[in-house]
Student: 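Have a look at the structure that comes next, please.
Computed over heavy atoms, backbone and side chain alike; hydrogens, waters and symmetry mates excluded.
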Amino acid sequence: MKAWHFSENAYPYLPPADEYESIRVSLPSRNYDPKKGAALYDRYIDEWLIAEDEGVEIMLNEHHQTATCVDPAAPLVLAALARLTKKARLLILGNPVANRRQPVRVAEEMAMVDVLSKGRLECGFVRGVPYEVLPANSNPVRMNERQWEAMDLIVKAWTSHDGPVSHEGRFFHHRNINIWPRPYQQPHPPIWVSTTTPGGAGRVGARGYVQATFLTGFGGTPAIYESYRKGWREAGHGPDVPVDRLAYAALVYVGESDAEARSGAEKLLWYMTANKANATVDKAIEAGLMFAGTPDQVFLQIKKMYDHVGGFGHLLIMGQAGFLEHDETVRGIKTFAREVYPRLKDALPDTAISGMRQGSASARVVA
């Protein structure tokens, strides 16, 4: 199993919740202090670098006009990390291509990051969440179709090396595609797609891309993963689905003691409560949305989810949110990396095959 440290670059210094309707889209930007924001960017980048030092991979994402994720141009942060890091894989999950009008530009940006990082890019694509259609001034109709055509066009741009080619599709038209630089990884960087529905997962499985799902818990994840497996097999990729094709994201905090773990988890829960969702640490753990506790407890929580869904090869760790301070975030990263991660890698090997059996999930290991 691979673990990825994930931060949404949250801006927590907000007015009382009863003074605004929503933290997303409509919250006035006068509530943002650029000096505090600059310090937060420095801090979050430092935390990614610490994660790399601890042997954890790096993940970042993109959202718009929200305090929950002040990373409206993730390729910029990704480029900075490509230069600052040395060994970690760099996952962007992802590029909201259904809301971007120039897929070829995305192909250029990602190819450049791949070259800057000397082939460490993992390139993710997302449709984009519904509330961001308005900020993007985008058409909400046919977003799924637009996403898939954009992804196909990006792959075409990455893999066409013999001079200009054209693309005439339903949504995008390009007469001259000949990107420089081309990707460092050939034929192109690994592709990830995040979906939270079985229908979307089946389509990802058919392409053989990595499927990531976010906060779908014990209830929603099994059907999503099984749809992926079905799409994989029906597309002719073979009967076995490697666990490294599946990823699960959750809020994660590991403490040396119950008290330390509970304190960190309560602060991490800001991600949900700031969105005015009723949530508690215990309910989030019970639902499989959060893994929190001592190293032994967190290992067992992750293993329980792994067994329940039939196995996954990537754990996407939201390890920072809200008022979880820098030292607390670093303790959480280090405690996970040193006391949980080695056990996960031993118990849940990358050679495992993901699968379902008689209504319950299991994963087997290929000898």
Student: For a side-chain contact (heavy atoms from CB on, under 4.5 Å) check, start with the C-alpha distance between L14 and Y20, then their side-chain angles and the critical distance, and finish with the verdict.
Tutor: CA-CA 9 Å; L14 303 177; Y20 58 90; 3.9 Å; yes
Student: I'd like to know if the side chain of H314 reaches the main chain of D244, judged simply by a donor and an acceptor atom lying under 3.5 Å from each other, with no hydrogens or angles considered.
Tutor: yes
Student: Is the number of heavy atoms from other residues, nucleotides or ligands within 6.0 Å of CE (M112) greater than 12?
Tutor: no
Student: Step by step, would you call W48 with D53 a side-chain contact (heavy atoms from CB on, under 4.5 Å)?
Tutor: CA-CA 9 Å; W48 273 312; D53 288 342; over 6 Å; no
Student: State the CZ-CZ distance between F291 and F299, to the nearest 0.5 angstrom.
Tutor: 12.0 Å
Student: Could you check if a side-chain atom of F336 sits within less than 4.5 angstrom of a side-chain atom of L344, using non-hydrogen atoms only?
Tutor: yes
Student: Are side-chain N/O atoms of T68 and T66 paired as donor and acceptor at under 3.5 Å?
Tutor: yes
Student: Using only heavy-atom distances, determine whether the side chains of R43 and T329 contain a donor-acceptor pair under 3.5 Å.
Tutor: yes
Student: What are the two closest heavy atoms between A337 and P342, and how far apart are they?
Tutor: O-CD, 3.2 Å
Student: Between Y13 and G37, is there a donor-acceptor pair closer than 3.5 Å when you use the side chain of the first and the backbone of the second?
Tutor: no
Student: Provide the closest heavy-atom pair for W270 versus A10 in the form atom of the first, atom of the second, distance.
Tutor: CZ3-CB, 3.6 Å
Student: Is there a side-chain contact between L49 and Y44 (heavy atoms, below 4.5 Å)?
Tutor: no
Student: Could you grab the distance from atom CG of L84 to atom OG of S117, nearest 0.5 Å is fine?
Tutor: 12.5 Å
Student: Under a 3.5 Å cutoff, is there a donor and acceptor pairing between the side chains of H64 and E62?
Tutor: yes
Student: Flag the pair V155 / I191 as yes when at least one side-chain heavy-atom distance between them is below 4.5 Å, and no otherwise.
Tutor: yes
Student: Are any non-hydrogen side-chain atoms of Q147 and V193 less than 4.5 angstrom apart?
Tutor: yes
Student: Go through the steps to decide whether L121 and M110 satisfy the test side-chain contact (heavy atoms from CB on, under 4.5 Å), and finish with yes or no.
Tutor: CA-CA 8 Å; L121 173 66; M110 295 298 99; 3.9 Å; yes
Student: Heavy atoms only: give me the nearest R229-G310 pair and the separation to one decimal.
Tutor: NH2-CA, 3.6 Å
Student: Are Y11 and K36 close enough, and set up right, to give a side-chain contact (heavy atoms from CB on, under 4.5 Å), and what steps lead you there?
Tutor: CA-CA 9 Å; Y11 184 87; K36 290 182 179 178; 3.9 Å; yes
Student: Answer yes or no: is there a donor N or O on one side and an acceptor on the other, between the side chain of T85 and the main chain of L81, under 3.5 Å?
Tutor: yes
Student: Using every non-hydrogen atom in the two residues, find where G319 and L268 come nearest and quote the distance to one decimal.
Tutor: C-CD1, 3.8 Å
Student: Before accepting this row, confirm whether a basic side-chain N of the pair R338/E54 lies closer than 4.0 Å to the acidic partner's carboxylate O.
Tutor: yes
Student: Heavy atoms only: give me the nearest V210-V204 pair and the separation to one decimal.
Tutor: O-CG1, 4.0 Å
Student: Find the distance between CG (L315) and CE (M59) and round it off to the nearest 0.5 Å.
Tutor: 11.0 Å
Student: Can any side-chain N or O of R233 pair as donor or acceptor with the backbone N or O of A206 at less than 3.5 Å?
Tutor: no
Student: Check whether NZ of the Lys or CZ of the Arg K267 lies under 6.0 Å from the centre of the six-membered ring of F323 and within 45 degrees of that ring's axis.
Tutor: no
Student: Taking atom CG of N137 as the centre, does the number of heavy atoms from other residues, nucleotides or ligands within less than 6.0 Å exceed 12?
Tutor: no
Student: With K345 as the cation and Y341 as the aromatic partner, state whether NZ or CZ is under 6.0 Å from the six-membered ring centre and within 45° of the axis.
Tutor: yes
Student: Taking side-chain hydrogen bond (donor to acceptor under 3.5 Å, both in side chains) as the criterion, tell me which of H173, R175, E149, H174 meets it with H167.
Tutor: E149
Student: Does a donor on one side chain and an acceptor on the other come within less than 3.5 Å for S354 and R245?
Tutor: no
Student: Strictly distance-based, threshold 3.5 Å: is any side-chain N or O of W232 a donor or acceptor partner for the main-chain N or O of G238?
Tutor: yes
Student: Can you pull the side chain to side chain donor-acceptor pair (under 3.5 Å) pairs that have at least one residue in residues 92-111, sequence neighbours excluded?
Tutor: N99-S138, R100-E109, R105-E109
Student: Does the pair R262/E266 count as a salt bridge with the N-to-O cut at 4.0 Å?
Tutor: yes
Student: For the pair R182 (side chain) and W158 (backbone), establish whether a donor and an acceptor sit closer than 3.5 Å, ignoring hydrogens and angles.
Tutor: no
Student: Quick one: do D152 and K156 satisfy salt bridge (charged side-chain N to carboxylate O under 4.0 Å, His left out)? Show the steps, please.
Tutor: CA-CA 6 Å; D152 289 344; K156 183 177 184 178; over 6 Å; no
Student: Main chain of S257, side chain of E260: is a donor-acceptor contact present, judged purely on distance under 3.5 Å?
Tutor: no
Student: Is a donor from one side chain sitting under 3.5 angstrom from an acceptor on the other, for Q211 and T195?
Tutor: yes
Student: Does the side chain of M318 come within less than 4.5 Å of F214's, by heavy atoms?
Tutor: no
Student: Would one find more than 12 heavy atoms of other residues, nucleotides or ligands at under 6.0 Å from atom CZ of R170?
Tutor: yes
Student: Out of curiosity, F218 CZ to L289 CG, how far, rounded to the nearest 0.5 Å?
Tutor: 9.0 Å
Student: How long is the straight-line distance from CZ of R142 back to CD of E145, given to the nearest 0.5 Å?
Tutor: 5.0 Å
Student: Which residue, I58, L60, N61, forms the side-chain contact (heavy atoms from CB on, under 4.5 Å) with F6?
Tutor: N61
Student: Is there a donor-acceptor contact under 3.5 Å linking the side chains of T221 and T216?
Tutor: yes
Student: Salt-bridged, E286 to K283, with N to O below 4.0 Å?
Tutor: no
Student: Within the distance-only criterion (no hydrogens, no angle test), does the side chain of D240 pair as donor or acceptor with the backbone N or O of I353 below 3.5 angstrom?
Tutor: no
Student: What is the ring orientation for W4 with W192, classed by angle as parallel under 30°, tilted 30 to 60°, or perpendicular over 60°?
Tutor: perpendicular
Student: For a quick test of reading the model, state the closest non-hydrogen atom pair linking A157 to A107 and the distance between them.
Tutor: CB-CB, 3.8 Å
Student: Tell me whether E52 contacts the main-chain N or O of K86 through its side chain, where contact means a donor paired with an acceptor under 3.5 Å.
Tutor: yes
Student: Got a second to check how far L153's CG is from F171's CZ, nearest 0.5 Å?
Tutor: 13.0 Å
Student: Quick one: are I92 and P75 in side-chain contact, heavy atoms under 4.5 Å?
Tutor: yes
Student: Side chains of H5 and E57: do they bring a donor and an acceptor to under 3.5 Å?
Tutor: no
Student: Checking the side chain of S29 only, and the main-chain atoms of Y32 only, is there a donor and an acceptor separated by less than 3.5 Å?
Tutor: no
Student: Would a 4.5 Å heavy-atom cut-off, applied to side chains only, mark L215 and Y271 as touching?
Tutor: yes
